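Below: one structure, written as C-alpha cells.
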Number of protein chains: 2
Amino acid sequence: MKKGITLKDLASRLNMSVSTVSKSLSNDSAISALTKERVKKLADEWNYIPNESARHFKLNKSFTIGLILPDLLDPFFVLAINGVEDIAVEKDYNMTLTQSHEDVKKEEKIANLMISNRVDGVIVAVTKGTVDMSLFQKFKRVGIPVVCIARGVSDATFSYVSANNVDGAAKATEFLIKRGHKRIAHISGPKTLHISQARYQGYENALKKAKFPPTRNW
Amino acid sequence: MKKGITLKDLASRLNMSVSTVSKSLSNDSAISALTKERVKKLADEWNYIPNESARHFKLNKSFTIGLILPDLLDPFFVLAINGVEDIAVEKDYNMTLTQSHEDVKKEEKIANLMISNRVDGVIVAVTKGTVDMSLFQKFKRVGIPVVCIARGVSDATFSYVSANNVDGAAKATEFLIKRGHKRIAHISGPKTLHISQARYQGYENALKKAKFPPTRNW
DNA sequence: CTGTTAGCGCCTTCAT
DNA sequence: ATGAAGGCGCTAACAG
C-alpha cells in the first residue's frame with residue numbers, strides 16, 4: 001500500500017492546520033466558506049482519498065456488517081446475500097461474507113475473526129449443529145448486535161427474522177445499520193427499539209417517524 | 001462498541017510494558033518462556049481480543065480482499081464467490097463482496113469505497129458496459145493489485161484469470177494474498193511475478209519454489 | 001530479556 | 001474562524 005495523500009499533506013500545502021482541513025472536508029459550520037473552498041479544491045486536485053482505516057480505528061467502528069452463512073451455494077442464501085449487499089452499499093457500508101460450511105468449529109473461528117475486526121453487526125444463519133448459542137452471546141458481550149435469519153434458534157434473546165426472502169435480509173441489515181448510527185449519536189434507548197418497530201410496522205420508512213416505546217423483546 | 005480489553009490493560013495488571021505483552025502474544029523469540037506464559041494465561045482469562053482495526057491502521061493493511069461482481073445472483077459468480085471465500089478464511093483474510101449490477105456508475109462508487117477502505121487486493125468481473133479501465137488504473141496507482149476474472153478486458157496491463165471455475169477464483173485470491181505478503185516483507189520484484197508463475201505452472205505449490213523471471217506481462 | 005519512545009491518520013475538545 | 005494538543009490500540013526500532 002503506497003502512502004497516499006493525507007490531511008497533513010493538504011494542510012501543509014495550504015499553510016493551515018490539519019484540524020481546519022479536517023473540518024473543512026466534513027463541512028463543519030465553524031469554517032469560512034472561502035477556506036472550505038480552497039481545501040476542497042486542492043483535495044480534489046490531489047485526489048485525496050480519506051484513510052477509512054484510520055477513521056474506523058479512531059471512531060472504533062468499522063462500517064461493515066458481517067454475514068455468516070452455512071453454505072454460499074444454497075440458492076436461498078444467495079438471495080439473502082443479495083438483499084444485504086444492496087442495502088449495505090446504499091448506506092456506504094461494507095459486507096463481509098463468510099461461510100461456516102455447516103461446521104461448528106469454523107463457525108466459531110469466523111465469529112472470533114468478526115469480533116476482532118469490530119464489525120458493527122452480524123447477520124447469521126446458524127449451522128444445523130449449532131445448539132449452543134454462547135458463541136453468539138459473545139458478540140453481545142462486546143456490544144455487537146446479532147440477528148439470526150432463516151434458521152430459528154432456541155435462545156429467545158436473539159433477534160430473529162424469519163421472512164424467507166430478500167426483504168428479510170434487507171430488514172436485518174437496516175436494523176443493524178441503524179443500531180450503529182444510534183450508538184454514534186449517543187442516543188441510548190431500549191436496544192430493541194428499531195427491530196421492534198420493524199416487527200410492528202415492517203418498513204424502513206416507518207422506522208423514521210414513530211417514537212413510541214417498544215412493548216416487548218424479540 | 002464497548003471498549004474491550006487492550007494490551008495496556010494486560011500490561012498494567014502484569015506490571016510490565018505494553019510492548020512486552022505485545023511481543024509475548026506474537027511469540028517473539030526475545031521473550032522468556034515464563035513471561036509468555038503469564039501473559040497468555042491472563043489474556044485467555046480475560047478473554048482478550050486484539051483490536052484488528054488498530055492493527056490494520058498501524059500496518060496500513062486491511063487483510064481483506066474486495067470482490068466486485070456484476071450480479072450476485074448469477075450462478076457462475078456464486079461459484080467464484082465460493083472459491084474466494086474458502087481461500088480467504090483459510091488465510092485469515094476477509095472478503096468484502098459487492099455487486100455493480102452491470103452499472104458503471106455503481107462500479108465506480110464501489111471501487112472508490114474499496115480504495116478508501118484500503119483493501120489489499122481486488123478481484124473484479126467488469127460490467128458489460130465497462131470499456132474505460134481508468135477506474136481500475138486508480139487501484140494500481142495507489143498500489144492495490146487488481147485481477148480480472150470471467151470477462152476479459154481490453155487493457156492488457158491487467159491480470160486476468162479466465163478459468164471458468166472455482167479454481168480460477170482460488171488462484172486469483174492466492175495471488176492477491178501473496179502479493180500482500182510480499183509487500184509487507186519489502187521484497188520488491190517484478191509485479192507480475194507470481195501471476196506469471198501461475199500462468200506457467202498453474203498451481204499454488206508451484207508458486208513457492210521457482211524464482212525464474214517472468215517473461216511477459218498479462 | 002524488557003522497557004521507552006514514537007508515530008500510523010484522523011477526529012475532537014479546548015484554546016486562541 | 002482557526003490552531004494546538006491529545007489520544008484511539010498497536011507495532012517497531014532502539015535503548016538499556
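Just so it is clear: chains get the letters A, B, ... in the order the sequence lines come, proteins before strands, and each one is counted from 1. Remember, it's a predicted structure, so these values are computed and weren't measured experimentally.
Proximity of Thr20(B) to the phosphate of dT2(C): no side-chain N or O atom is located under 4.0 Å from OP1 or OP2. For dC10(C), the OP1/OP2 oxygens have a side-chain nitrogen or oxygen of Tyr48(A) closer than 4.0 Å. For the OP1/OP2 pair of dT2(D) and a distance below 4.0 Å, the side-chain nitrogens and oxygens of Thr35(A) include at least one atom meeting the criterion. Taking only side-chain nitrogens and oxygens, Thr6(A) never comes nearer than 4.0 Å to OP1 or OP2 of dG9(C). Residue Ser53(B) places no side-chain N or O under 4.0 Å from the OP1 or OP2 atom of dG9(D). For the pair Arg55(B) and dT11(D), the criterion of a side-chain N or O lying under 4.0 Å from OP1 or OP2 is met. Within the structure, a side-chain polar atom (N or O) of Ser22(A) is placed less than 4.0 Å from OP1 or OP2 of dC11(C).
If you take CG of Leu7(A) and P of dG3(D), they are 13 Å apart, rounded to a whole angstrom. In this structure, Leu14(B) atom CG and dT2(C) atom C1' are separated by 13 Å, rounded to whole Å. If you measure from atom CG of Asp9(B) to atom C1' of dC8(D), you get 13 Å, rounded to the nearest angstrom. Distance, Leu59(B) CG to dG7(C) P: 17 Å, rounded to whole Å. Rounded to whole Å, atom C1' of dA4(D) lies 15 Å from atom CE of Met16(A). The nearest whole Å value for the distance from the CG atom in Asn27(B) to the P atom in dA12(D) is 15 Å. If you measure from atom NZ of Lys23(B) to atom C1' of dA12(D), you get 8 Å, rounded to the nearest angstrom. Residue Glu52(B) contributes atom CD, which lies 16 Å from atom C1' of dC8(C) at whole-angstrom precision.
For a distance-only test at 3.5 Å, the side chain of Lys58(B) fails to qualify as a donor-acceptor partner of the base of dG9(C).
The pair Lys41(A)-Glu37(A) does not count as a salt bridge, with every side-chain nitrogen at least 4.0 angstrom from each carboxylate oxygen.
Put simply, Phe57(A) does not rest on the base of dC10(C): the two rings are not both less than 5.5 Å apart at their centres and under 30° in tilt.
Between Lys109(A) and Glu90(B), the closest heavy-atom pair is NZ-O, 4.2 Å.
Counting only heavy atoms from C-beta outward, the side chains of Val146(B) and Lys138(B) never approach each other to under 4.5 Å.
Side chain of Ala54(B), nearest nucleotide from dC10(D), dC1(C), dC10(C): dC10(D).
Counting non-hydrogen atoms under 4.0 angstrom, Val18(A) reaches nothing in the nucleic acid.
Not less than 6.0 angstrom separates the ring centroid of Phe57(A) from the ring centroid of His56(B).
Heavy atoms of other residues, nucleotides or ligands lying less than 6.0 angstrom from CD of Gln137(A) number more than 12.
If you find the closest nucleotide of DNA chain C to Ser19(B) and to Pro50(A), the one lying nearer the 5' end belongs to Ser19(B).
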